Amino acid sequence: MSFFEEKKAAAILKHAILDSYIDPFVGKTGKHSTDHRVAFIDAYAGEGRYESGAEASPSMLMRKAQALSALPRKLECYFVEDNPEVFAKLEAVVEREGSGLPVRPQLFPGKAGKHLTHLLNLVDGIPLLLFLDPYGLMVPFELAVTAFTSRTRGYGAPATELLINFNATGLRRIAGHLTSPKGSEATLRAMDEVFGGSEWRQIWLEHAADRNASDEDRAAAEEAVVNEYAGRFAKAARCGVWTADVRNRAHHRPVYHLVFLTRHPDGMSAFAEALSLGLEKWRKALHLIDNADTLFGDEDAFKASEETLAAEWVDEIAANLRAQMEGGQAFTIIDRYNEVFGSATGLARQTHLRKAWKRLHAAGVTRTDSKGDLIKKRIEPA
């Protein structure tokens with residue numbers, strides 16, 4: 001079976017997050033951009049669609065470009081693909097689905113690193129969302145950081161955001177060379193380039209020092225390396241960062257980690273919403289797959305399980321809000337986002353916050369109503 005025959009659960013989540021995030025990103029950043037232009041660079045575009053007919057990122061983006069043109073917004077799509085056979089299939093998909101768009105997608109054959117500087121010049125002066133989603137290791141750290149450091153920053157500058165697929169399987173495979181008697185230094189250096197230095201080696205070994213390390217220790221090593229990578233990137237690019245694990249099943253080890261980078265607080269809150277919505281779609285897909293041809297495969301059973309999860313999140317958020325107000329001081333949710341959402345961070349979204357807030361308002365715990373954009377709103381104790 002080829003990579004593109006059938007969409008795996010991890011890809012369902014990745015694309016669901018992207019599907020939910022593109023609309024607010026293009027809608028907000030394109031409102032005041034030149035001619036309402038917004039750019040999306042898909043640096044590892046693939047075939048465009050899966051052989052099953054399911055959307056891959058290019059087909060999704062072209063659908064979005066058509067829908068968003070009504071706002072009006074001009075979503076410009078730039079697709080890069082290295083494999084010649086895959087590129088030919090991508091060309092066919094773009095020819096079929098992109099010919100009627102306000103801005104026809106542009107295609108670039110070859111490696112992402114070869115085209116990245118040129119692409120950044122093409123979209124200079126307009127908002128950009130860059131998607132780095134390789135099948136294997138990421139592009140070198142310094143090249144990826146260039147997407148931020150080469151673009152204008154500061155008040156009024158066009159938005160720059162980056163979504164990276166940090167390959168967990170590749171990291172684990174290469175980390176095995178650290179403790180193998182036949183470890184390859186050349187292979188280790190490949191990860192050094194991705195990480196931006198060799199420090200990841202020591203970070204890994206601090207948690208998993210030998211070949212017999214437990215699964216828990218290896219998982220801790222992986223998490224530490226990814227978090228350090230994200231932190232280094234955020235510091236180098238002077239931006240905010242969010243990481244999210246992507247798995248084929250909840251109990252499986254991550255297939256990859258999505259690393260999201262943005263300069264604006266609105267980007268962080270919008271990504272949190274998209275992540276929550278994406279996870280819901282992922283859970284639904286798994287529910288239907290796992291319960292096919294059983295009594296539990298129907299829509300009502302899934303809705304019941306989601307209602308149970310939502311009730312738990314609302315309870316926790318309400319308790320966290322109450323605890324944060326015990327000091328008697330008002331605060332803005334975005335300033336205490338993690339404290340408010342707690343273990344529901346990345347799972348719950350504003351609709352769950354609103355229910356918790358409304359409960360506390362009705363109980364007289366806060367004098368602030370639950371209307372409007374709650375992420376930016378100040379909540380005041382009663």
Side-chain angles (χ1 to χ4, degrees), residues 4 14-50 53-81 86-110 112 114-133 147-148 150-152 156-163 260-264 266-267 270-271 273-274 277-278 281:
F4 292 103
K14 172 180 63 181
H15 291 140
I17 294 170
L18 201 55
D19 191 22
S20 296
Y21 188 72
I22 290 171
D23 291 80
F25 176 77
V26 175
K28 290 183 178 181
T29 65
K31 185 176 182 179
H32 301 294
S33 67
T34 303
D35 203 20
H36 302 299
R37 295 171 61 204
V38 180
F40 190 108
I41 299 175
D42 190 343
Y44 299 86
E47 293 188 354
R49 277 191 180 273
Y50 289 83
E55 284 186 334
S57 52
S59 50
M60 177 201 304
L61 287 162
M62 288 185 285
R63 171 173 59 83
K64 291 288 187 181
Q66 185 63 60
L68 287 163
S69 64
L71 287 180
R73 299 290 184 272
K74 292 182 179 178
L75 177 57
E76 303 177 3
C77 301
Y78 300 85
F79 302 135
V80 182
E81 175 53 47
V86 173
F87 184 84
K89 294 181 179 180
L90 173 63
E91 277 189 306
V93 171
V94 171
E95 178 65 29
R96 184 170 64 250
E97 301 179 27
S99 57
L101 295 179
V103 181
R104 187 178 179 85
Q106 295 188 42
L107 282 73
F108 298 83
K114 170 186 173 183
H115 295 291
L116 188 55
T117 299
H118 173 60
L119 287 168
L120 291 172
N121 288 331
L122 285 178
V123 301
D124 186 41
I126 64 173
L128 167 66
L129 178 55
L130 172 60
F131 187 33
L132 297 177
D133 183 29
F148 276 88
S150 67
R151 285 173 56 88
T152 305
T160 303
E161 296 187 348
L162 179 56
L163 186 61
F260 172 74
L261 300 120
T262 179
R263 287 175 174 161
H264 202 285
D266 284 356
F271 184 77
E273 293 284 304
L277 290 166
K281 293 177 183 178

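Values in this document were obtained by computation on a predicted structure and should not be read as measured data. One-based numbering along the sequence shown.
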Discussion item. Any side-chain to backbone donor/acceptor pair from Lys64 onto Asp19? Under 3.5 Å, distance only.
Written reply: yes
Practice prompt. Could you tell me the separation between the CG atom of Leu122 and the CD1 atom of Ile41, rounded to the nearest 0.5 Å?
Written response: 8.0 Å
Item to complete: Kindly compute the distance separating CD (Glu161) from OG1 (Thr262), expressed to the nearest 0.5 Å.
Response: 3.5 Å
Worksheet item: Which pair of non-hydrogen atoms, one from Val80 and one from Gly110, has the smallest distance, and what is that distance?
Response: CG1-O, 3.4 Å
Worksheet item: Side chains of Ile22 and Leu68: closer than 4.5 Å at any heavy-atom pair?
Response: yes
Item to complete: Determine whether Asp266 and Phe271 make a side-chain contact, defined as any pair of heavy atoms from C-beta on separated by less than 4.5 Å.
Response: no
Item to complete: Find out whether Leu132 and Leu163 are in side-chain contact, i.e. whether some heavy atom of one side chain is under 4.5 Å from a heavy atom of the other.
Response: no
Response to the item:
All heavy atoms of Ala147 vs all of Thr160, minimum pair found to be O-CG2, 3.5 Å
Fill in: Derivation and outcome, side chain to side chain contact (heavy atoms under 4.5 Å, CB included), residues Glu95 and Arg104
CA-CA 9 Å; Glu95 178 65 29; Arg104 187 178 179 85; 2.6 Å; yes
Worksheet item: What is the minimum heavy-atom distance between Ala39 and Val123, and which atoms define it?
Response: CB-CG1, 3.4 Å
Worksheet item: Which pair of non-hydrogen atoms, one from Pro109 and one from Leu107, has the smallest distance, and what is that distance?
Response: CD-O, 4.1 Å
Worksheet item: So do the side chains of Leu71 and His36 get within less than 4.5 Å of each other, counting heavy atoms only?
Response: no
Discussion item. Do Met60 and His15 have side chains that approach each other closer than 4.5 Å (heavy atoms only, starting at C-beta)?
Written reply: yes
Fill in: Flag, side chain of Arg63 to backbone of Pro58, donor-acceptor distance under 3.5 Å
no
Worksheet item: Stepwise, does the side chain to side chain contact (heavy atoms under 4.5 Å, CB included) test hold for Phe148 with Leu162?
Response: CA-CA 8 Å; Phe148 276 88; Leu162 179 56; 3.6 Å; yes
Discussion item. Within this structure, what is the OG1-NZ distance for the pair Thr34 and Lys74, rounded to the nearest 0.5 Å?
Written reply: 11.0 Å
Item to complete: Would you give the length of the straight line joining atom CD of Gln66 to atom CG of Leu75, rounded to the nearest 0.5 angstrom?
Response: 11.0 Å
Item to complete: Quick one: do Asp133 and Lys14 satisfy salt bridge (Lys or Arg N to Asp or Glu O under 4.0 Å)? Show the steps, please.
Response: CA-CA 10 Å; Asp133 183 29; Lys14 172 180 63 181; 2.9 Å; yes
Item to complete: Kindly indicate, with the supporting measurements, whether the criterion side chain to side chain contact (heavy atoms under 4.5 Å, CB included) is fulfilled by Glu76 and Val38.
Response: CA-CA 6 Å; Glu76 303 177 3; Val38 180; over 6 Å; no
Discussion item. What I'd like to find out is whether the side chain of Phe260 reaches to under 4.5 Å of the side chain of Ile17, using heavy atoms alone.
Written reply: no
Worksheet item: Who are the side-chain hydrogen bond (donor to acceptor under 3.5 Å, both in side chains) partners of Tyr44, not counting sequence neighbours?
Response: none
Worksheet, complete the sentence: Minimal heavy-atom distance between Asp42 and Ser57, with the atoms involved, is OD2-OG, 2.5 Å
Discussion item. Please report the interatomic distance CG(Leu130) to OH(Tyr78), rounded to the nearest 0.5 Å.
Written reply: 12.5 Å
Worksheet item: Under 3.5 Å, is there a donor-acceptor pair linking the side chains of Glu273 and Tyr21?
Response: no
Worksheet item: What are the two closest heavy atoms between Pro158 and Gly125, and how far apart are they?
Response: CG-C, 3.7 Å
Item to complete: Given side chain to side chain contact (heavy atoms under 4.5 Å, CB included), test Phe79 with Phe108 step by step and report yes or no.
Response: CA-CA 6 Å; Phe79 302 135; Phe108 298 83; over 6 Å; no
Worksheet item: How long is the span from the CE atom in Met62 to the OG atom in Ser99, to the nearest 0.5 Å?
Response: 9.5 Å
Item to complete: Carefully, step by step, assess Glu97 and Arg49 under the rule salt bridge (Lys or Arg N to Asp or Glu O under 4.0 Å).
Response: CA-CA 11 Å; Glu97 301 179 27; Arg49 277 191 180 273; 2.7 Å; yes
Item to complete: Walk me through it: do Arg73 and Asp23 pass the test salt bridge (Lys or Arg N to Asp or Glu O under 4.0 Å)?
Response: CA-CA 10 Å; Arg73 299 290 184 272; Asp23 291 80; over 6 Å; no
Discussion item. Donor-acceptor check, side chain of Ser59 to backbone of Ala56, threshold 3.5 angstrom: yes or no?
Written reply: yes
